[in-house]
Amino acid sequence: MTMAAPSSTQQRIELPTGTLELRIDSGAAEADELLGFAARANAKRGFLFLSKVLGKHWPASPGAMLAVHERLAATVPPVDGPVLFIAMAETAIGLGQGVFEAWLRAHPAQQALFLYTTRYRVGAGPLIEFAEAHSHAPRQFLHEPTDPALHALFMAARTVVMVDDEASTGNTFVNLAAACQRLNPGIERVHLATITNFMGPAAPGELDARFGLPATIGALVDGQFTFAQGPLPPDQGAAQRFEHDADRGASSAFGRLGIDHAVPAPTALAARLAGEFAPGSRVLVLGTGEFMHASTLLGAALQQLGVDVVVQSTTRSPILTWGAVGHALTFPDNYGEGIANYLYNVAPGQYDHVLLCFETAPGPALFALADTLRARLFHFQSEDHVEEVPVR
């Protein structure tokens, strides 16, 4: 893997919520392509390292996203035995699944299991709960696989690879690893794969002690930061309303309950759609909440057919309109929690075509968002069943 040559740079960013002091020790040459800065409407943490290659808060080229997946997969050290990949909700779910699939392509003879953390219950199986203390929605959950073969793979894993867009303290990783070890004491090592690592130069040498296991980290940008909190942002209201027995329509097919293979790209759908677009059309493929990876695969398939396409997703994260966030839309969430959801850096009419991809049953929230964006609705009911839903 080719890494950027070390070259330390320093930045001071004055946000509406405080002052961010940042030093980049490696990867500075591509930092602007990978990273922007935003102000969070969150009194716990008033800043956001906003990734430009996640397809979340910023329009991203599917090809650039897949290249990042390959690079982060290549940071995983050679390991024996099954590998457990875990992506962190909600922002890094698509990133983590892409890294998992890139690793599978590079290691076809090895077994691996992918799971992602979630804020929704699926089924009645056991949940592992852990905390993301600085989040606006701090309760996170990891489902134990209920399929016997996938559960056996979980228990046989000796390496855990945790994937997130950034590492700033590492506390959430430590909390999750401890929860996994309680279930599977056979876990022998941990690897962190992140686009940016701002835990500081001493962090790699401290990881073993923090995890109680041999631990490594691979990142595209490394450095450290300090943040001086300024004026507190206004209260944005509840960002999480977890009800233990509530069925939010979250799918079990794409990774919440475990998956041991790559999700097939919707190539037939992409070919049909590409034939409908006028030459030069600008297309946005839009995921929803925790449902991100399928939209990336659709975007990548369209891009391979020559379509000018970017990928993005809606989110529950409240961010101020400042810095890397130039436009914000607010709308009800399609999971029915009754909390606000957001879409950043997308204005109505900005794209010729918007393809809105979702996992929940279609309902008023999705129809309203589709109407605002003049979008077409695509319900991904399983890996190989996508239905276009007429917009009402």
Side-chain angles (χ1 to χ4, degrees), residues 49 51 53-57 60 65-66 68-76 82-105 112-120 122 127-132 135 137 139-145 150 153-154 157 159-168 170-177 179-180 187 190-197 217-220 250-263 287-297 311 313-317 357 359 380 383:
F49 297 121
S51 173
V53 288
L54 275 181
K56 192 63 175 174
H57 311 109
M65 295 169 68
L66 295 179
V68 166
H69 300 165
E70 298 281 351
R71 293 174 66 188
L72 289 181
T75 72
V76 180
V83 181
L84 171 61
F85 285 79
I86 302 177
M88 308 299 286
E90 88 182 343
T91 304
I93 288 174
L95 174 69
Q97 197 152 7
V99 171
F100 162 73
E101 294 187 356
W103 190 91
L104 283 182
R105 290 191 294 271
L113 175 69
F114 172 74
L115 287 165
Y116 63 84
T117 69
T118 181
R119 293 183 172 94
Y120 307 113
V122 173
L127 287 172
I128 300 169
E129 181 171 354
F130 66 101
E132 185 180 13
S135 176
R139 296 181 71 187
Q140 289 234 39
F141 305 93
L142 187 73
H143 288 83
E144 289 184 44
L150 297 180
L153 192 56
F154 182 99
T159 299
V160 178
V161 177
M162 291 186 282
V163 184
D164 208 347
D165 58 310
E166 58 97 3
S168 52
N171 293 335
T172 305
F173 289 130
V174 172
N175 292 342
L176 177 56
C180 291
I187 292 171
V190 172
H191 180 73
L192 311 180
T194 66
I195 297 173
T196 57
N197 166 31
I217 185 168
L220 306 185
S251 174
S252 62
F254 296 93
R256 285 190 183 88
L257 297 183
I259 190 169
D260 62 359
H261 59 274
V263 174
T288 42
E290 294 184 357
F291 188 70
M292 298 174 61
H293 188 56
S295 57
T296 302
L297 294 176
V311 173
S313 173
T314 65
T315 177
R316 70 167 71 212
S317 180
C357 305
E359 61 177 341
F380 284 70
E383 291 183 16

Within the 4.5 Å heavy-atom criterion, are Val163 and Met88 side-chain neighbours or not?
no

Determine whether Lys56 and Asp165 make a side-chain contact, defined as any pair of heavy atoms from C-beta on separated by less than 4.5 Å.
no

Heavy-atom pair of closest approach, residues Ser51 and Ile195:
OG-CD1, 3.6 Å

Shortest non-hydrogen separation from Met65 to Val53 and the atoms involved:
CG-O, 3.4 Å

Looking only at non-hydrogen atoms, find the nearest pair between Thr314 and Gly289 and report the distance.
OG1-N, 2.9 Å

Check the pair Thr118, Gln140 against side chain to side chain contact (heavy atoms under 4.5 Å, CB included), reporting the backbone distance first and the verdict last.
CA-CA 6 Å; Thr118 181; Gln140 289 234 39; over 6 Å; no

4.5 Å side-chain heavy-atom contact, Ser251 and Phe291
no

With rounding to the nearest 0.5 Å, note down the distance linking OG1 in Thr159 to CZ in Phe85.
9.0 Å

Rounded to the nearest 0.5 Å, how far does CZ of Phe100 lie from CD1 of Ile86?
12.0 Å

Rounded distance [0.5 Å steps], CD in Gln97 versus CZ in Phe114
4.0 Å

Nearest non-hydrogen partners of Leu153 and Pro82, listed with the distance
CD1-CB, 3.7 Å

Validation row: Thr194, Glu166 side chains within 4.5 angstrom (heavy atoms):
no

Nearest-0.5 Å distance, CG of residue Leu95 to OG1 of residue Thr296:
9.5 Å

Is the His293 ring parallel, tilted or perpendicular to the His69 ring (thresholds 30°, 60°)?
tilted

Identify the heavy atoms of Leu142 and Cys180 that sit nearest to each other, and give their distance.
CD2-SG, 4.0 Å

Determine the sole option in Asp260, Ile259, Leu115, Leu257 for which the side chain to side chain contact (heavy atoms under 4.5 Å, CB included) test with Pro145 is passed.
Leu115

Close side-chain approach of Thr172 and Met162, heavy atoms under 4.5 Å
no

Which heavy atom of Ala219 sits nearest a heavy atom of Asn197, and at what distance?
CB-CB, 3.7 Å

Are the side chains of Arg105 and Glu70 in contact, using a 4.5 Å heavy-atom criterion?
yes

Quick one: pull up OG1 in Thr75 and CG in Leu192 and give me the separation to the nearest 0.5 Å.
9.0 Å

State the CZ-CD distance between Arg256 and Glu290, to the nearest 0.5 angstrom.
4.5 Å

